[in-house]
Amino acid sequence: MTLEETLIPLVKQAVHSLYGVEANDQQIQLQKTRAEFEGNITLVVFPFVKLARKAPQQVAAEIGEWLQSNAGQLVAKYNAVQGFLNLSIADRFWISQLEAVDAEAEYGKQPDRKKLMMVEYSSPNTNKPLHLGHVRNNLLGYSIAKIQEANGWQVVKTNIVNDRGIHICKSMLAWLKYGNGETPASSGKKGDHLIGDYYVRFDKEYKKQIAELMNAGKDEETAKREAPLMLEAQEMLRKWEAGDKEVRDLWTKMNEWVYAGFDETYRRMGVSFDKIYYESNTYLEGKAEVEKGLAAGQFYRREDGSVWADLTKDGLDEKLLLRSDGTSVYMTQDIGTAKLRYRDYPIDKMVYVVGNEQEYHFKVLSILLDRLGFPFGKELVHFSYGMVELPNGKMKSREGTVVDADDLMDKMVEDAKEISKDKVNTLQGITEEEANEIARKVGMGALKYFILKVDPRKNMLFNPEESIDFNGNTGPFIQYTYARIQSVLRKAESLEKSALSCQLEEKELTLIQRLTDYPAVVRQAGDDFSPAVVCNYAYALACDFNSFYHDLSILNEPDASKKALRLLLAKNVAKVLYSAMALLGIEMPERM
RNA sequence: GGUCCGGUAGCUCAGCUGGAUAGAGCAACAGCCUUCUAAGCUGUGGGUCUCGGGUUCGAAUCCCGACCGGAUCACCA
């Protein structure tokens, strides 16, 4: 039983016996006691002041007195400051809490809900490599999946790969024209980067042609439409849709290169998927689903042949579902993907990790899926996160202002390696291979924490000129705290079986209390879809531990029962830090 | 213009389901390694919580209105 669960009925009894009224749960406000006052937990008594018809201070004192007299085992001391009743909870209670934490191997994990949640994230285009914006998406998606698993959901991580369309044809065309048969093997480039280069090349040549046409007197719109490269790309798309063997073979080959590149990037990021869908397989399903809806009278066809959904009753506009030439749009494909997914899994809740610029799209998708009879449609979750901005604004692929995911990861690991060079301890008795592995974990930990600690809904700023920190409120700080504990535990070797001390130092008590917060933190992170909640908690726990570690010796403590308690405490702090970081996809080094 | 989101220290961010004197980190300055890992600990300085009203015992937090910034409202994805 948590402290709150233990205390609430007691407060109710107190209020009832003192003032003869029944307090409801909402009136009982418990919060952590602020550091400047004595006590562990504070009851805000203002809600009872009117019932009691007494001054706040007096009400607080009366309730405090009642609790101490009637529940002295729990409430050791109290003090009343204005309307705040600060309670000091008996050491024995905290020690039993620590023992309870220690007894649970998966402390913090919530009961199985027997329900399935599908989390879609990443969703790359196959015409360019991943950049920092994708990194935020991937880290958030992976972490949300872990957090919901910890909240008792069965989670299926999925990815929808946008592998077809005009943008893919642009890369293919540029490669055919200017590539001279270049391959990842021949050039030594990662496949996704190679394709990305040709996507950029297309844009460059295309702009040239536009300029030429405009010099010849055409207006910009016409020039854009009539540039030979654009016409060729469109022709290629038509051939692709018609199943032209040459185009399809080229498409398959180039996409394979990209996938090999993505796989490497995903592996380094530490993210994974249980099931991958490809747009090239789902768009036809979408069309079929729209035709069905059309036949059922849910949609309507205009004179030019295009198909629309009327959403004016839902307060939205009309939405195009099929173009007049019969081809599908983004929405159509999402409907098709949803259909396949629902065929494959008994989805109870569907979560889309997609940037906030697509909020309108998902509002519409939700309504459409609901109309088409998907049970999860109405309550689908668009986990909408903010943009990553650079000091001079948004990242734009074409203007070369993107922060490449692979480059960034390289840089982080390099920095970690550089920093660890100065740390004598790291190098003692450690092979180069181990040192590299530590640098990888620490560099990636710094990057992941940097991104995940920000409230997902908010835009965040990344300044490429300033390197990401390794000190202070960072991933490495938490990893370091963990590594320190592991070092102590290694040296402790035989965990002495001494009885635990039954008296606590203030910093020990603070740490135990923090440990007891963890399950609630997991729940809140799940309810809010917020890895940042987990970051904040892990940081606070690490801070508490470092302060404890600084002030109190563990291994050199002469009193065996105190030593046993501190070891148990350290062990469980490490356990919870490890668990919390795992929810963020951050690995912990055993030493650093 | 309609809708949605944001505005907290020089910078990056917590706190937002109303509670005590608004917190961290970075940057600056001053201390702490003969002791379990100094990627650490301790301290100093730094604030009109964008502004104006309202709600009440109490507002950074809730409501209304301005202002500023962003997103979105495609036969783009």
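Every chain is numbered from 1 and lettered A, B, ... according to where its sequence line falls, protein lines coming before strand lines.
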Can you check the [X] [atom1] to [N] [atom2] distance for me, whole Å?
| X | N | atom1 | atom2 | result |
| --- | --- | --- | --- | --- |
| A:Ile41 | B:rA20 | CD1 | C1' | 16 Å |
| A:Leu390 | B:rG70 | CG | P | 15 Å |
| A:Tyr360 | B:rG70 | OH | C1' | 20 Å |
| A:His167 | B:rA77 | NE2 | P | 9 Å |
| A:Arg514 | B:rA24 | CZ | P | 12 Å |
| A:Glu590 | B:rU37 | CD | P | 14 Å |
| A:Asn79 | B:rA20 | CG | C1' | 12 Å |
| A:Asn356 | B:rC5 | CG | P | 11 Å |

Discussion item. Does the protein touch nucleotides 14-19 of chain B at the base, only the backbone, or not at all? Give it as B, S and - per nucleotide, heavy atoms under 4.0 Å.
Written reply: S-B--B

Worksheet item: How does each nucleotide of nucleotides 26-32 of chain B score, in 5' to 3' order, for protein heavy atoms under 4.0 Å: base (B), sugar-phosphate only (S), or none (-)?
Response: S------

Which is true for [X] with a 4.0 Å heavy-atom rule: it touches a base, it touches only sugar-phosphate, or it touches nothing?
| X | result |
| --- | --- |
| A:Glu466 | nothing |
| A:Leu461 | sugar-phosphate |
| A:Leu552 | base |
| A:Asp415 | nothing |
| A:Val442 | base |
| A:Thr327 | nothing |
| A:Met387 | nothing |
| A:Phe450 | nothing |

Discussion item. Please check if the number of heavy atoms outside A:Glu506 that lie under 6.0 Å from its CD is greater than 12.
Written reply: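 Incorrect, the count does not exceed 12.
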
Worksheet entry | Enclosure of A:Glu36 CD (heavy-atom neighbours >12, cutoff 6.0 Å) |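 Enclosed.
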
Worksheet item: Think A:Arg302 forms a cation-pi with A:Trp308, using NZ or CZ under 6.0 Å from the six-ring centre and within 45 degrees of its axis?
Response: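 Yes; both conditions hold, so A:Arg302 lies above the ring face of A:Trp308.
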
Determine the Euclidean distance between corresponding [atom1] atoms of [M] and [N]; express it in Å to zero decimal places.
| N | M | atom1 | answer |
| --- | --- | --- | --- |
| B:rC32 | B:rG69 | C1' | 44 Å |
| B:rG15 | B:rA22 | C1' | 8 Å |
| B:rU42 | B:rA60 | C1' | 29 Å |
| B:rA27 | B:rC67 | P | 39 Å |
| B:rC41 | B:rU37 | C1' | 13 Å |
| B:rU17 | B:rG10 | C1' | 33 Å |
| B:rA39 | B:rU44 | C1' | 23 Å |
| B:rC64 | B:rA28 | C1' | 42 Å |

Any idea which of [options] is nearest the [X] side chain?
| X | options | result |
| --- | --- | --- |
| A:Asn459 | B:rG40, B:rG70, B:rC36 | B:rG70 |
| A:Pro476 | B:rA39, B:rA77, B:rC36 | B:rA39 |
| A:Val329 | B:rC36, B:rA39, B:rA77 | B:rA77 |
| A:Gln358 | B:rA77, B:rU37, B:rC41 | B:rA77 |
| A:Leu555 | B:rC4, B:rC36, B:rA77 | B:rC36 |
| A:Phe37 | B:rA20, B:rU3, B:rA77 | B:rA20 |
| A:Ser487 | B:rU42, B:rU37, B:rG40 | B:rU37 |
| A:Asn162 | B:rG70, B:rA77, B:rA39 | B:rA77 |

With no hydrogens and no angle check, is any side-chain donor or acceptor of [X] less than 3.5 Å from a backbone partner on [Y]?
| X | Y | result |
| --- | --- | --- |
| A:Asn86 | A:Asn40 | no |
| A:Trp251 | A:Asp163 | yes |
| A:Asn159 | A:Ser123 | yes |
| A:Tyr449 | A:Ile478 | no |

Item to complete: Would you mind telling me which residue lines up with the more 5' stretch of RNA chain B, A:Ser328 or A:Gln82, judged by nearest nucleotide?
Response: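 Result of the comparison: A:Gln82.
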
Fill in: 5′-ward residue of the pair A:Met460/A:Tyr539 relative to RNA chain B
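Mapping each residue to its closest nucleotide by heavy atoms, the 5'-most match is A:Met460.
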
Fill in: Pair A:Glu359 + A:Lys363, salt bridge at N-O below 4.0 Å
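Salt bridge absent between A:Glu359 and A:Lys363.
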
Fill in: Under 3.5 Å donor-acceptor pair, A:Thr474 side-chain atoms to B:rA39 base atoms
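For A:Thr474, whose side chain was compared with the base of B:rA39, there is no donor-acceptor pair (under 3.5 Å).
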
Worksheet item: Can you find an N or O donor on one side and an acceptor on the other, under 3.5 Å apart, linking the side chain of A:Asp317 with the base of B:rA74?
Response: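 Answer no: no donor N or O sits under 3.5 Å from an acceptor.
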
Worksheet item: Are A:His167 and A:Tyr199 an aromatic pair by the rule of ring centers under 6.0 Å?
Response: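 Ring-ring flag for A:His167/A:Tyr199: false, centres at least 6.0 Å apart.
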
Discussion item. Do A:Pro124 and A:Pro129 have side chains that approach each other closer than 4.5 Å (heavy atoms only, starting at C-beta)?
Written reply: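 A:Pro124 does not reach A:Pro129 side chain to side chain.
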
Practice prompt. Using the criterion of both pairing distances under 3.5 Å for Watson-Crick and G-U wobble pairs, give all stems of 3 or more consecutive pairs involving RNA chain B.
Written response: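 So far as stems of 3 or more pairs are concerned, RNA chain B shows B:1-7 with B:67-73, B:10-13 with B:23-26, B:28-32 with B:40-44, B:50-54 with B:62-66.
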
Worksheet item: For B:rC4, is chi within 90° of 0 (syn) or not (anti)?
Response: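 What B:rC4 shows is an anti base, its glycosidic angle lying more than 90° from 0.
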
Worksheet item: Which class fits the ring pair A:Tyr352 and A:Phe362: parallel under 30°, tilted 30 to 60°, perpendicular over 60°?
Response: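 Tilted: the ring planes of A:Tyr352 and A:Phe362 meet at 30° to 60°.
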
Worksheet item: Which word best sums up how the rings of A:Tyr578 and A:Tyr482 line up, parallel for under 30°, tilted for 30 to 60°, or perpendicular for over 60°?
Response: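 Aromatic pair A:Tyr578/A:Tyr482 classed tilted.
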
Discussion item. Please tell me if A:Lys363 has a side-chain N or O lying less than 4.0 Å from either OP1 or OP2 of B:rU72.
Written reply: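 For A:Lys363, the contact criterion (side-chain N or O under 4.0 Å from OP1 or OP2 of B:rU72) is not met.
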
Worksheet entry | Selection residues 40-56 of chain A - residue pairs positive for salt bridge (charged side-chain N to carboxylate O under 4.0 Å, His left out), sequence neighbours left out |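 Applying salt bridge (charged side-chain N to carboxylate O under 4.0 Å, His left out) to every pair that reaches into residues 40-56 of chain A, excluding sequence neighbours, yields A:Lys54-A:Glu62.
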
Fill in: Residue pairs passing the salt bridge (charged side-chain N to carboxylate O under 4.0 Å, His left out) test where at least one lies in residues 457-482 of chain A, sequence neighbours excluded
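Applying salt bridge (charged side-chain N to carboxylate O under 4.0 Å, His left out) to every pair that reaches into residues 457-482 of chain A, excluding sequence neighbours, yields A:Asp455-A:Arg457.
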
Fill in: Test ring pair (Phe, Tyr, Trp, His ring centres under 6.0 Å) applied to A:Tyr539 and A:Phe477, step by step
CA-CA 8 Å; A:Tyr539 179 61; A:Phe477 171 85; 5.4 Å; yes

Item to complete: Report the residues that fulfil side chain to side chain donor-acceptor pair (under 3.5 Å) with A:Thr337, sequence neighbours left out, ordered by chain and then residue number.
Response: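 Testing A:Thr337 for side chain to side chain donor-acceptor pair (under 3.5 Å), a comparison that skips the adjacent residues, returns A:Thr282.
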
Practice prompt. Check whether the aromatic ring of A:Tyr330 stacks on the base of B:rC76, taking stacking as ring centres less than 5.5 Å apart and planes within 30° of each other.
Written response: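 Base of B:rC76: not stacked against A:Tyr330.
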
